[in-house]
**Student:** 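Supplied in structure tokens, the structure appears directly below.
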Amino acid sequence: PYKEHFPETLFTEPAVSPPVSGKGQLDRKLVRKANKLLDAAGWILVNGVRIKDGEELTVEFMLASDTAERFISPYIDNMRKIGVKGSLAIIDASQFLERRGNHDYDVMTTRHVTSLIPDIGLRQWFNSANAPLKSRNLTGIQNPGIDALIEKALEAENREDMTVVIRALD
């Protein structure tokens, strides 16, 4: 019933799954695919850097500690191979929380710890009202369809109804 709040492709195309690379660190097939997507989006390659409307394509990975550096660094190296300038910012915890709360980041590592049974945490993580606030809604998502599905999940009277709604929310 909330179909108008979501892109049509959600209902017509298969779910997006992360690509699976080969054993090597650089998968040429995925590099070709990424280059085609960037080209199609208007990001042209100039001297090894992707540029569109005079701006370079850059991505900053914001981390509160160096624990994720070991798997982010190879990712940044691979991004350079397609012309994307990646950088790693390891910042102190207070600055991390401030930037996270203000949605002042490109990419960060985090984990969502939620209950197996839908609870008000769904509102904290995904409700539109929390998007502009310093909240757990880290993506800043605002969508009335998602808000309605959250409420349906919280109102579910049995496991079957809850499962249907949670799958729709997923």
Side-chain angles (χ1 to χ4, degrees), residues 5-10 13-114 121-147 149-150 168-170:
H5 300 293
F6 301 100
E8 181 62 32
T9 55
L10 182 66
E13 294 182 12
V16 175
S17 296
V20 177
S21 295
K23 292 185 180 184
Q25 183 174 334
L26 181 67
D27 187 320
R28 287 189 174 93
K29 180 180 175 186
L30 293 176
V31 168
R32 284 191 297 274
K33 183 176 180 180
N35 280 323
K36 284 180 184 177
L37 289 169
L38 288 166
D39 290 342
W43 290 97
I44 59 171
L45 198 56
V46 178
N47 296 324
V49 178
R50 292 282 174 176
I51 297 178
K52 181 178 181 180
D53 300 328
E55 297 283 327
E56 293 181 346
L57 182 54
T58 63
V59 178
E60 179 189 65
F61 291 82
M62 183 179 77
L63 307 175
S65 74
D66 63 357
T67 56
E69 185 176 6
R70 66 182 171 81
F71 62 84
I72 298 292
S73 291
Y75 191 78
I76 290 172
D77 291 341
N78 283 340
M79 287 172 48
R80 284 189 194 111
K81 293 173 179 135
I82 59 171
V84 179
K85 282 189 168 183
S87 64
L88 187 61
I90 301 172
I91 57 178
D92 64 67
S94 62
Q95 186 181 13
F96 183 89
L97 291 173
E98 180 69 20
R99 286 184 59 186
R100 184 182 79 177
N102 292 325
H103 303 275
D104 181 20
Y105 56 88
D106 296 328
V107 180
M108 70 172 177
T109 59
T110 189
R111 63 186 184 136
H112 289 270
V113 180
T114 59
L122 288 174
R123 288 183 187 138
Q124 295 171 339
W125 287 106
F126 307 111
N127 190 275
S128 297
N130 287 328
L133 307 175
K134 290 184 179 181
S135 68
R136 289 187 175 159
N137 186 340
L138 302 177
T139 60
I141 194 163
Q142 293 179 291
N143 183 300
I146 291 173
D147 297 342
L149 287 170
I150 290 169
L169 186 57
D170 281 346

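Bear in mind the structure is a predicted one, so any value in this text is a computation, not a measurement.
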**Student:** Check S65 against I90 and note the closest heavy-atom contact, atom names and distance.
**Tutor:** C-CG2, 3.8 Å
**Student:** Quick one: CD on Q142 to CG on N127, what's the gap to the nearest 0.5 Å?
**Tutor:** 9.5 Å
**Student:** Hey, are the side chains of N102 and K134 touching, using non-hydrogen atoms and a 4.5 Å cut-off?
**Tutor:** yes
**Student:** So L169 and I146, do their side chains get closer than 4.5 Å, heavy atoms only?
**Tutor:** yes
**Student:** Out of the candidates E69, M108, M79, only one should pair with F61 under the side chain to side chain contact (heavy atoms under 4.5 Å, CB included) rule; please name it.
**Tutor:** M79
**Student:** To check you understand the geometry: which heavy-atom pair defines the closest contact between S128 and P144, and what is its length?
**Tutor:** OG-N, 4.4 Å
**Student:** Work out which heavy atom in I82 is nearest to a heavy atom in A34; give both atom names and the distance.
**Tutor:** CD1-CB, 4.0 Å
**Student:** Would you say the side chain of T58 lies within less than 4.5 Å of the side chain of S87, judging by non-hydrogen atoms?
**Tutor:** no
**Student:** Among all residues two or more places apart in sequence or in another chain, which pass the salt bridge (charged side-chain N to carboxylate O under 4.0 Å, His left out) test with R50?
**Tutor:** D39
**Student:** Just checking K33: does its NZ atom have more than 12 heavy atoms from other residues, nucleotides or ligands closer to it than 6.0 angstrom?
**Tutor:** no
**Student:** Hey, what do you get for CZ (F126) to CG (N143), rounding to the nearest 0.5 Å?
**Tutor:** 12.5 Å
**Student:** Quick check for you: to the nearest 0.5 Å, what is the distance between H5 atom NE2 and D147 atom CG?
**Tutor:** 9.0 Å
**Student:** Decide yes or no for R100 and L138: does some side-chain heavy atom of the first lie under 4.5 Å from some side-chain heavy atom of the second?
**Tutor:** yes
**Student:** Using 0.5 Å steps for rounding, measure from the CD atom of Q124 to the CG atom of L133.
**Tutor:** 11.5 Å
**Student:** Measure the CD-CG distance between E56 and D53 for me, rounded to the nearest 0.5 Å.
**Tutor:** 13.5 Å
**Student:** Other residues, nucleotides and ligands only: do more than 12 of their heavy atoms fall within 6.0 Å of CD on E55?
**Tutor:** no
**Student:** Can you confirm whether R80 is buried at CZ, in the sense that more than 12 heavy atoms of other residues, nucleotides or ligands lie under 6.0 Å from that atom?
**Tutor:** yes
**Student:** State whether the side chain of D106 and the backbone N or O of E60 hold a donor-acceptor pair below 3.5 Å, judged by distance alone.
**Tutor:** yes
**Student:** Verify the distance criterion only: is there a donor paired with an acceptor across the side chains of S94 and D92 at less than 3.5 Å?
**Tutor:** yes
**Student:** Distance from H103 atom NE2 to N137 atom CG, nearest 0.5 Å?
**Tutor:** 6.0 Å
**Student:** Which atom names give the shortest non-hydrogen contact between L10 and F6, and what distance separates them?
**Tutor:** CD2-CB, 3.7 Å
**Student:** Quick one: does I72's side chain get under 4.5 Å of T109's, heavy atoms only?
**Tutor:** yes
**Student:** May I ask you to decide if R123's main-chain N or O and N130's side chain share a donor-acceptor pair within less than 3.5 Å?
**Tutor:** yes
**Student:** If you look at every heavy atom in G140 and A131, which pair is closest and at what distance?
**Tutor:** O-CB, 3.5 Å
**Student:** Give the minimum heavy-atom separation between I150 and L122, together with the two atoms involved.
**Tutor:** CD1-O, 3.6 Å
